[in-house]
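Side chains are part of it too, since the values below use all heavy atoms of this structure and drop only hydrogens, waters and symmetry mates. Along the sequence shown, residues carry numbers from 1.
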Amino acid sequence: MLLLLLACTGGDKDSAPADTSDSATTSGGPGTLALTFRMDDDYIPTMEKAGEEPVGTFEGSIYAEADANELGPVDGAVALVDFSVELNLLPDGGPTDVLYTTDPLDPQIVWVLGCLNSDANEKCGDPGDPITRPTENKFQVVADTETTVEVYMGMLRP
């Protein structure tokens, strides 16, 4: 899966940082992530001027913490999970209800990365598509727990 990601440091003001304590990451059984989606609503007018809307297929991947960084997946990284969901973020960018729940994952820190193919072409992540910034989409898979997280698209692909 092609993921074009550019990073900015800092996090989304509405997202809490992942708990990186050893007990949260290494003990207990598998957990799941229940994903909701949101994008920066300031980008909707820009998209509309280009003839696009924040509607389409979100193509995402979930990576173990060691397999990605602030710039995206590292060379040779293999996703724990690849997924896609249909999104309609009109009129205000979301947030959505839970649209995807992972299969059980070992407790760990993960990155959820991807893009919204808003122009319904074959290529996700082309100019104008909303994309995730890794620094805003790092989450904790908590042992024996379903954790709801918000996947935030904080950038339009330049």
Side-chain angles (χ1 to χ4, degrees), residues 1-20 25 32-103 105 108-141 147-158:
M1 166 174 291
L2 175 65
L3 296 176
L4 298 173
L5 303 168
L6 300 174
C8 295
T9 59
D12 178 28
K13 65 183 182 237
D14 297 329
S15 296
D19 177 1
T20 59
T25 60
T32 59
L33 294 178
L35 308 181
T36 68
F37 297 83
R38 182 172 67 93
M39 69 170 279
D40 187 326
D41 63 347
D42 290 341
Y43 295 129
I44 293 174
T46 302
M47 293 178 72
E48 289 173 340
K49 285 181 187 173
E52 295 186 36
E53 294 181 315
V55 175
T57 303
F58 181 88
E59 298 176 23
S61 296
I62 300 175
Y63 292 91
E65 182 178 31
D67 289 337
N69 60 34
E70 295 80 14
L71 299 176
V74 298
D75 288 341
V78 176
L80 298 171
V81 176
D82 292 317
F83 67 95
S84 63
V85 295
E86 294 303 313
L87 295 183
N88 182 339
L89 298 175
L90 289 171
D92 58 4
T96 68
D97 292 331
V98 171
L99 297 179
Y100 178 79
T101 301
T102 66
D103 287 335
L105 298 166
Q108 62 187 301
I109 305 292
V110 297
W111 306 79
V112 180
L113 307 175
C115 60
L116 175 61
N117 190 355
S118 58
D119 52 10
N121 63 14
E122 301 259 342
K123 183 178 177 187
C124 193
D126 60 356
D129 283 346
I131 61 175
T132 60
R133 294 189 294 193
T135 55
E136 297 172 333
N137 293 283
K138 191 174 185 180
F139 305 108
Q140 172 68 53
V141 177
T147 305
T148 300
V149 299
E150 180 178 85
V151 177
Y152 179 68
M153 291 164 278
M155 175 179 243
L156 292 181
R157 172 74 168 91

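- In this structure, Asp129 contributes its side chain and Ser118 its backbone to a donor-acceptor pair below 3.5 Å.
- The side-chain heavy atoms of Val81 and Asp103, taken from C-beta on, include no pair separated by under 4.5 Å.
- Under the 3.5 Å distance criterion, the side-chain polar atoms of Trp111 are matched with a main-chain donor or acceptor of Glu65.
- To the nearest 0.5 Å, the span separating CG on Asn69 from NZ on Lys138 amounts to 9.5 Å.
- Taking the six-membered ring where the residue is Trp, Phe83 and Tyr100 present parallel rings, their angle staying beneath 30° rather than reaching 60°.
- Here Thr135 contributes atom OG1 and Glu70 contributes atom CD; the two are 7.5 Å apart, rounded to the nearest 0.5 Å.
- Heavy atoms only, all atoms of each residue included: Pro54 and Leu116 are closest at C-CD2, 3.8 Å.
- By the side-chain hydrogen bond (donor to acceptor under 3.5 Å, both in side chains) test, Asn137 pairs with no residue at all, sequence neighbours left out.
- Under the rule for a side-chain contact (heavy atoms from CB on, under 4.5 Å), the partners of Pro95 that lie at least two apart in sequence or sit in another chain are Arg38, Glu150.
- The nearest pair of heavy atoms linking Gly125 to Cys115 is N-SG, 3.3 Å.
- In this structure, Leu33 and Gln140 approach most closely via the heavy-atom pair CD2-O, 3.7 Å.
- Here the CG atom belonging to Asp97 is positioned 13.0 Å from the CG atom belonging to Leu35, to the nearest 0.5 angstrom.
- Separation of atoms OG1 (Thr132) and CE (Met153) is listed at 8.5 Å; rounding is to 0.5 Å.
- A donor-acceptor distance shorter than 3.5 angstrom exists from the side chain of Thr36 to the backbone of Val149, with no hydrogens or angles considered.
- Applying the side-chain contact (heavy atoms from CB on, under 4.5 Å) criterion to Asn88, with sequence neighbours excluded, gives Val55, Leu90.
- Contacts of Asp67 classified as side-chain hydrogen bond (donor to acceptor under 3.5 Å, both in side chains), with partners at least two apart in sequence or in another chain: none.
- Between Tyr63 and Ala68, the shortest heavy-atom contact is CB-CB, 4.2 Å.
- Rounding to the nearest 0.5 Å places CG of Asn117 at 11.0 Å from CG of Leu87.
- Partners of Thr57 under the side-chain contact (heavy atoms from CB on, under 4.5 Å) rule, at least two apart in sequence or in another chain, are Glu59, Ser84, Glu86.
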I would like to know whether Asp82 and Ser61 meet side chain to side chain contact (heavy atoms under 4.5 Å, CB included); could you show each step before the answer? CA-CA 4 Å; Asp82 292 317; Ser61 296; 2.5 Å; yes

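- For the pair Val151/Phe58, a side-chain contact is recorded, criterion being any heavy-atom separation below 4.5 Å from C-beta on.
- Within the model, atoms CZ of Phe139 and OG1 of Thr147 stand 10.5 Å from one another, a figure rounded to the nearest 0.5 Å.
- For the side-chain contact (heavy atoms from CB on, under 4.5 Å) test, residues two or more places apart in sequence or in another chain that qualify with Asp40 are Asp42, Tyr43, Tyr152.
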